[in-house]
Protein chains: 4
Amino acid sequence: MTARRPASEARRSETSRRAILDAALDLVSEVGYTKLSVEGIAARAGVGKQTIYRWWPSKGAVLLDALLALNENQDGEVAVLPDSGDLATDLKLVLRATVEELNDSRIDEPMRALSTEIPRDPDLAATYEERLNGPIQELKKQRLRAAQRIGQLAEDADLDVAIEMIWGPLRSRWLHRSGPLTPEYADTVVETALNGLRPRRGEG
Amino acid sequence: MTARRPASEARRSETSRRAILDAALDLVSEVGYTKLSVEGIAARAGVGKQTIYRWWPSKGAVLLDALLALNENQDGEVAVLPDSGDLATDLKLVLRATVEELNDSRIDEPMRALSTEIPRDPDLAATYEERLNGPIQELKKQRLRAAQRIGQLAEDADLDVAIEMIWGPLRSRWLHRSGPLTPEYADTVVETALNGLRPRRGEG
Amino acid sequence: MTARRPASEARRSETSRRAILDAALDLVSEVGYTKLSVEGIAARAGVGKQTIYRWWPSKGAVLLDALLALNENQDGEVAVLPDSGDLATDLKLVLRATVEELNDSRIDEPMRALSTEIPRDPDLAATYEERLNGPIQELKKQRLRAAQRIGQLAEDADLDVAIEMIWGPLRSRWLHRSGPLTPEYADTVVETALNGLRPRRGEG
Amino acid sequence: MTARRPASEARRSETSRRAILDAALDLVSEVGYTKLSVEGIAARAGVGKQTIYRWWPSKGAVLLDALLALNENQDGEVAVLPDSGDLATDLKLVLRATVEELNDSRIDEPMRALSTEIPRDPDLAATYEERLNGPIQELKKQRLRAAQRIGQLAEDADLDVAIEMIWGPLRSRWLHRSGPLTPEYADTVVETALNGLRPRRGEG
DNA sequence: GGATAACCGAGACGGTACGTCCGGTCTTACC
DNA sequence: GGTAAGACCGGACGTACCGTCTCGGTTATCC
């Protein structure tokens, strides 16, 4: 696990790294991202500011690492989305899990912070894409391609649009707090995305 | 136009107000929202800082007003979404217009700034909801309800979900710059949202 | 007295200015010049750092002003050196006063600080020359010229050298703590400087 | 030469020591004492910071050693001041040599640095006194005592005052750059110190 | 038409945080 | 055990803005 980090970081203090990530998570929950400061993180972590600037370019980057570390802890990392043979069932399962995650205050605040910082900071966006969003996006596409192969998803569907259709509404409602995040909402979104908004032929 | 502002603002300097909004728009395009500062706006507008703080609570609020003023200028304000009788056609029209708007650099930066600031600032979010998003959301719902009445949209569809399905993907691609905003993309999204992701029965 | 400051400083807070000068004097005595910091002065004075940087270029400049302010307080400022008609008597008087001043802990530390900072900082040196040393030097020269006129000082004496001869030893012993500063020492220096080091002709 | 250092320093790297002293001299001339840093010296010398802190307590101490090393190089070290039998002649000779030394940019900056650091740092002052100033002071006193013995200097003269009278003005003019350092100035000072400021009896 | 009060520009003020430099200590790997 | 390298905690630097607060100098109503 530690060995994963490259040789150039051989002398890096694992203690300080953990303290910084923990402090960042704690503080962002306590005071919000806007009032989160590198100075504050350093103080809370009992660390010199330089130790943060040496390894991260911004408070957003610290937070991204903190979030990644959070995932690594609850290991057995899902390397793949579930595939029971039925797309709708699986998507509901996944979205319900996402609902739970976004309702987890440990994740909610830092994730919200990242979501609003990424469009402002191209460097952070690139890292986020590479380390977090990209891989996840690929998993989603794999699952959708499997569905295409067995005729559960239109063959000519644009997968990026499809992903947006499925995961977008949840994310949007969460980010703008425009409604409660419930398992039922997850189900509704999946059904609507798959079936479309038109009245279903032969219904009623 | 000026008369629209309440009596309490009778003594307010229209010159300063315009200068501030213009300066805000100019600066946010030049330096980005993060480096935009009340101090900078005041300097650029040739105005005292207090004149800004007297009328707006934050730089975000200034920008919101600036954006609203921008809309008021290009008058003939569409008080309603087009209704040709065919929902798909109308939605494509509207989304193509949105595509053009979001490609307009005059609007792009301030809009992006607001989009990332709103989830961080409840007060700004409330104002945004009341002055800009709420009314627009209502127009969209009206158009969708009309479609429901003539059987072009499922009667049991959750309109909030529907709106997210239709307008979400465009907004998301724009905000994260995850692909080009083209008229064709607008069309694809409308079709996908209406028809759903499942293979259409009897197709092929 | 306050009116002496130029119009450009009309809005300057006299309260803050006094607090800063007082804090600087207190701190330099407590912790020494090396550990004196602008940050520390600001904190002690209950003032923002910018308020110091707005009006002074360095901690040395603050200290110089503090010292000048100290002199202004004990008014009745001697605009001229005493002239009783006898040079030796007057010089002893003046040097004994200097001895007392340099033994005053209120003056000792800041003066010592300035003395070591001036050779390092040309800007500070210029200000010091203009505001403090220059005028004093002029007074000394006036007194010595008077002595020349009545034959108590060699007509061809270089006044700069003369001043160094008279005031230098005291200053040197003080700066390097190479011996106690006593009235007797002052007298010895005056006698030696006036009579020279050679054996006096006809003595003994 | 190397053997002069005590046994405890047996393992000390002479290469590093030289590199540090050279780097210190170079840097103090380039950037001035204030901006001279242990970090900078280490980097320039290609040496670890610890190697400096192991052997010297401060940047001032390094500089003092560097200066001492400089003297040791131009060997044939004058263990005694010249004594031709005429004090005035000898003093002029010595002061003219000092003038030349102080005009040497290789010596000027580090010496100036030391001169301003010593009154701030008692430890450095002690070392300076022991290693450099003390011995020199003793040489001066020896020469002056010899002069007293043959009636060229007043028998009751305080030698410390005498030294200050003779060497002080030069040092002061140099430190405060209050005038050019010339051989003529050296001569004037010697004459004035010996003869005193009073008009000479029987002149004219 | 003279008082008066809100608005305005300017910018000083007490603060917070920035991102950097360096101090002095400690650790690692080499020789 | 000395050394090069450099991470570490900490303190201060000088700067940028925050949001509040005078300060005079216009307006622009209202008596």
Side-chain angles (χ1 to χ4, degrees), chain A residues 8-17 19 34-43 45-55 57-59, chain B residues 8-17 19 35-43 45-59, chain C residues 8-17 19 34-43 45-55 57-59, chain D residues 8-17 19 35-43 45-59:
Chain A
S8 73
E9 302 180 9
R11 312 270 188 83
R12 184 167 180 184
S13 159
E14 179 63 14
T15 310
S16 295
R17 187 179 149 271
T34 304
K35 290 189 180 172
L36 180 68
S37 66
V38 173
E39 200 137 312
I41 297 172
V47 136
K49 274 165 58 170
Q50 197 59 50
T51 301
I52 298 183
Y53 283 113
R54 187 152 32 227
W55 302 110
S58 63
K59 63 178 180 175
Chain B
S8 73
E9 302 180 9
R11 288 157 171 280
R12 182 168 181 182
S13 159
E14 179 63 13
T15 310
S16 295
R17 186 178 150 272
K35 290 188 179 172
L36 179 68
S37 68
V38 173
E39 203 135 306
I41 297 172
V47 137
K49 278 165 65 174
Q50 195 59 251
T51 303
I52 297 183
Y53 282 111
R54 184 151 36 227
W55 303 108
W56 292 277
S58 64
K59 65 178 179 176
Chain C
S8 74
E9 301 181 8
R11 310 272 186 84
R12 184 167 181 182
S13 158
E14 179 63 15
T15 309
S16 296
R17 186 178 151 273
T34 304
K35 290 190 179 170
L36 180 67
S37 68
V38 175
E39 200 136 310
I41 297 172
V47 135
K49 274 165 58 170
Q50 198 59 51
T51 300
I52 297 182
Y53 283 112
R54 187 152 31 228
W55 302 108
S58 63
K59 63 178 180 176
Chain D
S8 73
E9 303 181 7
R11 290 163 169 275
R12 183 169 181 181
S13 159
E14 178 62 14
T15 311
S16 294
R17 187 178 150 273
K35 291 187 180 174
L36 180 68
S37 66
V38 174
E39 202 138 304
I41 297 171
V47 135
K49 278 165 67 174
Q50 195 57 252
T51 302
I52 298 183
Y53 282 112
R54 188 157 26 234
W55 302 109
W56 292 276
S58 64
K59 63 178 180 177

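Lettering follows sequence order; numbering is per chain, from 1.
The phosphate of dG9(E) (OP1 or OP2) has a side-chain N or O of T51(B) nearer than 4.0 angstrom. The shortest distance between the side-chain N/O atoms of S16(D) and the OP1/OP2 oxygens of dA4(F) is below 4.0 Å. Under 4.0 angstrom from either OP1 or OP2 of dG2(F) there lies no side-chain N or O belonging to R54(D). The side chain of S13(B) places no N or O atom within less than 4.0 Å of a non-bridging phosphate oxygen (OP1 or OP2) of dC7(E). Under 4.0 angstrom from either OP1 or OP2 of dG11(F) there lies no side-chain N or O belonging to S37(C). Remark: W55(B) is in phosphate contact with dC8(E), judged by side-chain N or O atoms under 4.0 Å from OP1 or OP2.
Spacing between atom CD1 of I52(A) and atom P of dA7(F) amounts to 16 Å, rounded to whole angstrom units. As a whole-Å value, the separation of L36(B) CG from dC18(F) C1' is 13 Å. Here dC21(F) presents its C1' atom at 18 Å from CZ of R12(C), a figure rounded to the nearest Å. Between the NZ atom of K35(B) and the C1' atom of dC18(E) there is a distance of 12 Å, rounded to whole Å. What separates CD1 of I41(C) from P of dG14(F) is a distance of 11 Å, to the nearest Å.
Judged by closest nucleotide on DNA chain F, V47(D) is the one of V47(D) and E39(C) placed further toward the 5' end. Judged by closest nucleotide on DNA chain F, G46(D) is the one of K59(B) and G46(D) placed further toward the 5' end. Comparing A45(B) and G48(C) by the nucleotide of DNA chain E that holds the closest heavy atom to each, the one mapping nearer the 5' end is A45(B).
Residues passing the side chain to side chain donor-acceptor pair (under 3.5 Å) test with E39(B) are K49(B), sequence neighbours excluded. Under the rule for a side chain to side chain donor-acceptor pair (under 3.5 Å), T51(D) has no partner lying at least two apart in sequence or in another chain.
Rounding to the nearest 0.5 Å places NZ of K59(A) at 8.0 Å from CD1 of I41(A). Atoms OG and CD, from S16(A) and E14(A) in turn, are 9.5 Å apart once rounded to the nearest 0.5 Å.
When all heavy atoms are compared, the tightest approach of V38(A) to I52(A) is O-CD1, 3.8 Å. Across A45(D) and A19(D), no two heavy atoms sit closer than the pair CB-O, 3.5 Å.
Using a 4.0 Å heavy-atom cutoff across all strands shown, G40(B) reaches no nucleic acid atom at all.
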Pick out the pairs of N or O atoms, protein on one side and nucleotides 25-31 of chain E on the other, that lie under 3.5 Å.
residue, atom, partner, partner atom, Å
dC26(E), N4, Q50(D), NE2, 2.3

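With a 6.0 Å cutoff to the six-membered ring centre and a 45° limit on the axis angle, R12(A) counts as a cation-pi contact of W55(A).
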